[in-house]
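Okay, structure first, notes after.
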Amino acid sequence: MFTGIVTGIGQILAAEPLGAGASFGKRLTVQAPAGFLDDARLGDSIALNGACMTLTALDAAAGRFTIEISAESLAKTAGLDAAGPVNLEPALRAND
């Protein structure tokens, strides 16, 4: 579950296609602000520009994570198809 409150501004560093053609999604590598990933684990959800995504790779020490976004999600969102700034929000934990 998400609150809708942006808690960090990240940067999409790379947006690599998952296959040939528009029917494939992309793999995004995102640089998060310092400390944002301190409690993050592989498989956690993070909202990027309001869209819930799952961490598929995580390098918390470097402040970077990777998600895979489907073509349908790319079609329904803005600002997730190329390098640039992105709003970040971690999912709420049960004790939040």
Side-chain angles (χ1 to χ4, degrees):
M1 183 163 65
F2 294 92
T3 63
I5 299 170
V6 173
T7 59
I9 304 295
Q11 184 76 21
I12 297 174
L13 302 175
E16 304 165 9
L18 292 173
S23 64
F24 292 92
K26 293 188 177 190
R27 179 177 297 113
L28 305 181
T29 301
V30 180
Q31 180 71 50
F36 186 84
L37 298 173
D38 286 351
D39 296 332
R41 293 180 291 243
L42 193 61
D44 280 359
S45 295
I46 292 182
L48 279 73
N49 287 355
C52 178
M53 302 294 157
T54 302
L55 299 181
T56 57
L58 175 64
D59 183 351
R64 291 186 181 173
F65 65 91
T66 301
I67 61 103
E68 293 181 358
I69 183 170
S70 69
E72 182 67 16
S73 291
L74 284 169
K76 302 293 186 212
T77 58
L80 299 180
D81 58 346
V86 63
N87 295 325
L88 302 174
E89 177 194 355
L92 287 174
R93 302 233 185 254
N95 61 345
D96 287 344

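Using a distance-only test at 3.5 Å, with no hydrogens or angles considered, no donor-acceptor pair links the side chain of Thr77 to the main chain of Leu80. The closest donor-acceptor contact from the side chain of Thr56 to the backbone of Thr66 lies under 3.5 Å.
Remark: Asn49 CG to Leu88 CG distance equals 8.0 Å, nearest 0.5 Å.
When hydrophobic residues (I, L, V, M, F, W, Y) are linked wherever their side-chain heavy atoms come within less than 4.5 Å, the members clustered with Ile9 are Val6.
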Next on the checklist: Run the side-chain contact (heavy atoms from CB on, under 4.5 Å) test on Thr54 and Asp44 for me, step by step, so that the C-alpha distance in whole Å, both residues' side-chain angles and the decisive distance to 0.1 Å come before the verdict.
Outcome noted: CA-CA 6 Å; Thr54 302; Asp44 280 359; over 6 Å; no

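The stretch residues 45-61 participates, sequence neighbours left out, in no salt bridge (charged side-chain N to carboxylate O under 4.0 Å, His left out) pair at all.
Between Ile46 and Ile67 there is no side-chain heavy-atom pair separated by less than 4.5 Å.
Residues Gly8 and Pro33 approach most closely at CA-CG, 4.1 Å, considering heavy atoms. For the residue pair Ile69 and Met53, the shortest heavy atom distance occurs at CD1-CE, 3.5 Å.
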May I have the list of side-chain donor-acceptor pairs in residues 17-32 shorter than 3.5 Å, sequence neighbours left out?
residue	atom	partner	partner atom	Å
Lys26	NZ	Asp81	O	2.9
Arg27	NE	Glu68	OE2	3.3
Arg27	NH2	Glu68	OE2	3.1
Gln31	OE1	Arg64	NE	2.7
Gln31	NE2	Ala62	O	2.9
Gln31	NE2	Gly63	O	3.1

